[in-house]
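The next block holds one structure in the form of structure tokens; read it before the comments.
We name chains A, B, ... by the order of the sequence lines, and we start the count at 1 in each one. The figures here come from the full heavy-atom set of this structure, side chains too, leaving out hydrogens, waters and symmetry mates. The structure displayed is predicted, hence computed values, not measured ones.
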Protein chains: 2
Amino acid sequence: MSEGRSGSGFGSESLLFLTDEQLRQGIEAMFFAYRGFTADPDRILAELAYGRAHHRALHFINRAPGTTVNNLLSILGVTKQSLNRVLRALVEDGLVDSRVGTLDKRERNLYLTARGEELEQRLSDAQRIRMRAAYKEAGPEAVQGFKRVLEAMMDSDMRRAYAELRESAQ
Amino acid sequence: MSEGRSGSGFGSESLLFLTDEQLRQGIEAMFFAYRGFTADPDRILAELAYGRAHHRALHFINRAPGTTVNNLLSILGVTKQSLNRVLRALVEDGLVDSRVGTLDKRERNLYLTARGEELEQRLSDAQRIRMRAAYKEAGPEAVQGFKRVLEAMMDSDMRRAYAELRESAQ
DNA sequence: AGTTTATGTCAGCAATGTTGACATTCCAAG
DNA sequence: CTTGGAATGTCAACATTGCTGACATAAACT
């Protein structure tokens, strides 16, 4: 098909660095690891009748307090209608505070309430514990490689968003 | 909360290797990268009115032809009812062949048809192209680290499934 | 033979993605 | 200043894909 070159007697023993089999292993590793990556927060969220979408919203509002709906959905990569449902629940439940913009009244500036911060902490902690263990097991140089490959795998606009977050962080 | 130790004046400048900020960057990298990772197949699938679930089924049936529904759902980590819906569509559309087991007639052995293989190739190629580019950009040692961290991030049973797939592959 | 266990299918519900229609606010052209 | 269009966010309805529950069939155990 589109670009087929599937291990047809050349890739596997050539001097080229990447066989299709190696790439497939990477694909599967990504799939299995992402499940592990979300498993711990998912368990907490299930108890509270929330989902991954709520976690993502909490995470990025915490990361950039005062952010607007528009900005948030460009980072999350979902439609505003989809995000709206999640935000509405979080606001109703008193985890997020949505304030009408001062400069532009069409905008809503989003903040976590104390309870919102509390849940965000709980979720992030769960995820960090696993991440910390994985980093420790793999070692520092592995972590550098890990991040480098992930960054190269992003779409270019997400790479920009990611870089901005890193700068703003500290 | 459960294990809170969030950059409270100690983690960030201690001799410890992992600050909360570093961990958070890893978390966000994982989130953005996974979106890139699935973006290309998603576009193809959308044209065909299929979803990620169909892609995953095709991938692992291709990987282990003759596998059973039971085995497949343990790898995919979904319920059999959820998988069944997807498989039914693939069988009806002539991409997957479901044969009653010879030894145990309760089981169904799953195979890709020619058309199924064709679509699987198309999807995998799209994903491999991006993966290949990311690997190339990041370099060989980075890839080693990438895989090591991902593997450490999996749940233990998934790590086993992953290892088995690698062995069976070759 | 009869109960229990395993495998897979069918039906209906929940979470979360989508598009479409709309209200409010801002801004720019006249 | 007003008016028309663009931007922002909300509400409604639908599709995909998780889920649980109920069931049919085959195997296994007693």
Side-chain angles (χ1 to χ4, degrees), chain A residues 31 34-35 38-39 41-61 66-93 96-111, chain B residues 31 34-35 38-39 41-61 66-93 96-111:
Chain A
F31 169 68
Y34 198 78
R35 278 244 305 280
T38 57
D42 280 357
R43 265 185 289 272
I44 297 172
L45 291 159
E47 290 170 15
L48 306 174
Y50 288 138
R52 238 174 255 180
H54 301 85
H55 181 192
R56 293 196 281 261
L58 290 174
H59 176 100
F60 286 107
I61 293 172
T67 187
T68 63
V69 174
N70 221 10
N71 180 47
L72 196 53
L73 63 89
S74 77
I75 288 177
L76 294 175
V78 298
T79 59
K80 59 186 177 177
Q81 296 92 332
S82 186
L83 176 59
N84 181 53
R85 189 195 295 116
V86 168
L87 284 178
R88 200 189 322 162
L90 293 173
V91 169
E92 279 173 9
D93 295 353
V96 167
D97 193 12
S98 169
R99 302 181 205 156
V100 173
T102 50
L103 265 128
D104 188 334
K105 287 179 194 159
R106 293 170 302 180
E107 296 183 338
R108 302 289 179 274
N109 295 112
L110 304 170
Y111 302 88
Chain B
F31 169 68
Y34 198 78
R35 278 246 304 282
T38 57
D42 280 357
R43 264 186 289 273
I44 297 172
L45 291 159
E47 292 169 15
L48 306 174
Y50 288 138
R52 239 175 253 179
H54 301 86
H55 182 191
R56 292 196 283 261
L58 290 174
H59 177 99
F60 286 107
I61 293 172
T67 188
T68 63
V69 172
N70 220 10
N71 179 48
L72 196 53
L73 62 89
S74 77
I75 288 176
L76 295 175
V78 298
T79 59
K80 59 186 177 175
Q81 296 91 330
S82 187
L83 176 58
N84 181 53
R85 189 196 292 115
V86 169
L87 283 179
R88 200 190 322 164
L90 292 173
V91 169
E92 279 173 9
D93 296 352
V96 167
D97 193 10
S98 168
R99 301 180 205 156
V100 172
T102 51
L103 264 126
D104 188 333
K105 287 178 192 158
R106 292 171 302 181
E107 297 183 337
R108 301 287 179 275
N109 295 111
L110 304 169
Y111 301 88

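Between D:dC19 and B:Thr79, a contact under 4.0 Å exists linking OP1 or OP2 to a side-chain N or O. The side chain of B:His54 contributes no N or O atom lying less than 4.0 Å from OP1 or OP2 of D:dT16. Taking side-chain N and O atoms only, B:Arg52 has no distance below 4.0 Å to OP1 or OP2 of C:dT16. The shortest distance between the side-chain N/O atoms of B:Asn84 and the OP1/OP2 oxygens of C:dT9 is below 4.0 Å. Between A:Arg106 and the phosphate of D:dT10, there is no side-chain N or O to OP1/OP2 separation shorter than 4.0 Å.
Regarding A:Asp42, its CG atom lies at a distance of 19 Å from the P atom of C:dA14, rounded to whole Å. Distance B:Arg99 CZ to C:dG8 P: 15 Å, rounded to the nearest Å. The distance between atom CG of B:Leu83 and atom C1' of C:dG8, rounded to the nearest whole Å, is 10 Å. Atoms CD (A:Glu107) and P (D:dT10) sit 12 Å apart, rounded to a whole Å. In this structure, A:Asn71 places its CG atom 15 Å from C1' of D:dA7, rounding to the nearest Å. Atom P of nucleotide D:dT10 and atom CD of A:Glu92 are separated by 12 Å, given to the nearest angstrom. Atom pair A:Tyr50:OH and D:dC19:P shows a separation of 21 Å (rounding to whole Å applied). When rounded to the nearest whole Å, the span between CG of A:Leu72 and C1' of D:dT8 equals 14 Å.
Side-chain contact check for A:Tyr50 versus A:Asp93: some heavy-atom pair is nearer than 4.5 Å. Side-chain contact check for A:Leu76 versus B:Phe31: some heavy-atom pair is nearer than 4.5 Å. With a 4.5 Å cut-off on side-chain heavy atoms, B:Leu90 and B:His54 count as touching. Residues A:Arg52 and A:Asp42 have side chains in contact (heavy-atom distance under 4.5 Å, counting atoms from C-beta outward).
Among the heavy atoms of the strands lying under 4.0 Å from A:Leu103 are primed sugar atoms or P, OP1, OP2 only; no base atom is included. Across all strands, A:Lys80 comes closer than 4.0 Å to base atoms (heavy-atom distances). Residue contacts for A:Arg85: at a heavy-atom cut-off of 4.0 Å it reaches a base atom on one of the strands shown.
Along DNA chain C, the nucleotide nearest A:Lys105 and the nucleotide nearest B:Arg88 are compared for position; the residue whose nucleotide lies closer to the 5' end is B:Arg88. For the pair A:Gln81 and A:Asp104, both in contact range of DNA chain C, the more 5′-proximal nearest nucleotide belongs to A:Gln81.
With distances taken from any side-chain atom of A:Arg108 to the nucleotides D:dT17, C:dG8, D:dG9, the minimum falls on D:dG9.
At distances below 3.5 Å, not a single donor-acceptor pair connects side-chain atoms of A:Arg99 with backbone N or O atoms of A:Gly66.
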